[in-house]
Structure formats: structure tokens, C-alpha cells
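The structure under discussion appears below in the form of C-alpha cells.
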Amino acid sequence: MAATDRYRFAVAEVPVTATVQPPEKPLAALIPAATLSALAKRLKSHTGPVGIGILEDDHAEGDPVATWPTPRATLSLGAVTVTMRSLDGGLPKYQSLFPKTCETSVQLDRATTERAVKKCQAILNAKGLRNVPVQFAWDDDGNLTLAPRLDTTEDAARTKGMPIPTTITHGTGEGLRGGLAAFNPGFLLDAIGTFTSNTITLHLGEMKDGQISKPGLFTEGPEMANQDYKHLVMHVRLA
């Protein structure tokens, strides 16, 4: 399962048990996010298995649904089955978008990071600042803090970043010293909220001019490969 809004890209490998004969060829359906968001409310109270299916053109002649584009997707929750129209086109070949290597991997405490992002977002909201990023900042000793990107030097000086304990799981961390990684706070919260583990890992490319040069990749485990869920977040380039 994959989803994107051009600024973020999430990919999950979901274990399944086949209930019908596997297809002779790979099938895919592009489902509007608004449709799945509406169905997600029902999923919260559903405790049984979820059935996911792909339908091809096998309608009887005169079937009013025969004009729907194919393939179509079905989502079954107990006795209820919802059939959804597929959008035209398809997602980009996201395998090439997700990095295979990184300069440094940093393990973060998920709850602490989430509280820090919410605190930064509250400060920005109180000042009426919209679409302003928050920034991970590493000092010369490698310590990490998260702070809002405020618009004046005075405001920035009065606002102390919230410290976040880290563990380097890949690389030495030397390239992070004195560097910044800025992200949209709403996107960060959405990414962090998709995980339930105590820790998450942020994989970063090399620093250029004191800032990360590639999007940040979040995973649950410390490795980039062989992860059931990956969440790629576009970074904000600071002037």
C-alpha cells in the first residue's frame, strides 16, 4: 500500500492471506484519499479481518457499473463491502524515490519527539505563523534540539529548543555537527503518528551548507532495508 501528496510518501507492506486464486498478473488500483479517510472511521471500531480485493471487467451486459474504470478496489468489513472507483493514471515508481543508502541514521524517542514537535507548532500558532518549519539542530557536540524556525533573531534567541536524546545507529554522526534539518511540523506529526513503537529512526543524507540535502526517511527499525513501513518526508530548504 502506497500513498503520496507530493511532499510525503508512505509505503507499507501488509501481510495478507489469499482467499481467491492469485491474479495472473500484477494488479493495482488508485483510490482517492478522501474515500479511504471516510472509511477509516469505520475501521477504528472494526476488530475482525479486512478484505481487500481488485475487480476486473467481468460485468454482465447491461450492468450499470460496467462503465466504471478498471481495475476497481473493494474493502470488506464483516458483512459490508464497499466498491471504490479507481482514479486514472498511477503513482510514480516510488522505488527510485526512496534512498537506498544514507549518511547517518539517528534513533529518536518517539514520544519525546512528538511532544517537541507539538510544542514548536503551538509556538508558531500563537505567533500566527503558518507554513513555517521546525528544525532539528545539532550542536558542535552532537546534541540534538528541536525548535521552531522563528522570523526574527530576537524571537529565536528567546526560544530554547527542546532537547531530544538520540542514538546514532549508522554512520559516526560527525557530519551532523552544526547542521540543520527542517520539516513542516504537520507533516512530521503525521509521520510520527503512524508509528506505535517507543523509538523511530530518521535516516539522513549528507549535510551541504549546513543543511540536509535530501528528504528524511522515517522507519521503525534502525535499518533502511527490510522495513514493513517507510515514511519519506520532504525537507524544507532554509534561506
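Below, each value reflects all heavy atoms present in this structure, side chains not excepted, and no hydrogens, waters or symmetry copies.
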TODO: Kindly write out the residues that satisfy salt bridge (Lys or Arg N to Asp or Glu O under 4.0 Å) with E174, not counting sequence neighbours, or none if the list is empty.
DONE: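 E174 satisfies salt bridge (Lys or Arg N to Asp or Glu O under 4.0 Å) with R177 once adjacent residues are dropped.
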Minimum heavy-atom distance between [X] and [Y], given as atom pair plus value:
| X | Y | value |
| --- | --- | --- |
| G205 | E103 | C-CB, 3.7 Å |
| M207 | W138 | CE-CZ3, 4.0 Å |
| F136 | I164 | CE2-CD1, 4.0 Å |
| L232 | P99 | CD1-CD, 4.0 Å |
| I31 | S86 | CD1-CA, 4.5 Å |
| G161 | A147 | CA-CB, 3.8 Å |

Hydrophobic cluster membership, [X] vs [Y], 4.5 Å side-chain cutoff:
| X | Y | result |
| --- | --- | --- |
| I123 | V236 | no |
| V117 | L180 | no |
| V132 | M162 | no |
| M1 | L87 | no |
| L124 | L238 | no |

Give a yes or no answer on whether the side chain of [X] reaches the backbone of [Y] with a donor-acceptor pair at less than 3.5 Å.
| X | Y | answer |
| --- | --- | --- |
| Q227 | G221 | yes |
| T112 | D109 | no |
| K230 | M224 | yes |
| D5 | Y7 | yes |
| H170 | C102 | yes |
| R110 | I200 | no |

Open item on the list: For a side-chain contact (heavy atoms from CB on, under 4.5 Å) check, start with the C-alpha distance between T201 and E220, then their side-chain angles and the critical distance, and finish with the verdict.
Closed with: CA-CA 6 Å; T201 303; E220 180 176 310; over 6 Å; no
Open item on the list: If you count every heavy atom of other residues, nucleotides or ligands that lies below 6.0 Å from K100 atom NZ, does the total exceed 12?
Closed with: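 Correct, the count exceeds 12.
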Distance from [X] atom [atom1] to [Y] atom [atom2], nearest 0.5 Å?
| X | Y | atom1 | atom2 | result |
| --- | --- | --- | --- | --- |
| L176 | T166 | CG | OG1 | 8.5 Å |
| T219 | L202 | OG1 | CG | 9.0 Å |
| T83 | L75 | OG1 | CG | 9.5 Å |
| R130 | N125 | CZ | CG | 5.0 Å |
| R8 | M234 | CZ | CE | 12.0 Å |
| L217 | L204 | CG | CG | 9.5 Å |

Task: Evaluation steps, side-chain contact (heavy atoms from CB on, under 4.5 Å), between I192 and T113 - done: CA-CA 8 Å; I192 296 170; T113 306; 3.7 Å; yes
Open item on the list: Classify the ring geometry of F9 against F98: parallel below 30°, tilted from 30° to 60°, perpendicular beyond 60°.
Closed with: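 Ring orientation, 0 to 90° scale: perpendicular.
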So, do [X] and [Y] sit near enough that their side-chain heavy atoms are less than 4.5 Å apart?
| X | Y | answer |
| --- | --- | --- |
| I212 | R237 | no |
| R149 | L129 | no |
| V106 | I168 | yes |
| L30 | L91 | yes |

- [ ] May I have the step-by-step check of side-chain contact (heavy atoms from CB on, under 4.5 Å) for L146 and Q135, ending in yes or no?
- [x] CA-CA 6 Å; L146 183 67; Q135 58 187 28; 5.7 Å; no
Task: Derivation and outcome, side-chain contact (heavy atoms from CB on, under 4.5 Å), residues T74 and R72 - done: CA-CA 7 Å; T74 63; R72 301 172 314 286; over 6 Å; no
- [ ] Could you tell me if the ring centre of F218 sits under 6.0 Å from that of Y229?
- [x]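 So the answer is no for these two rings.
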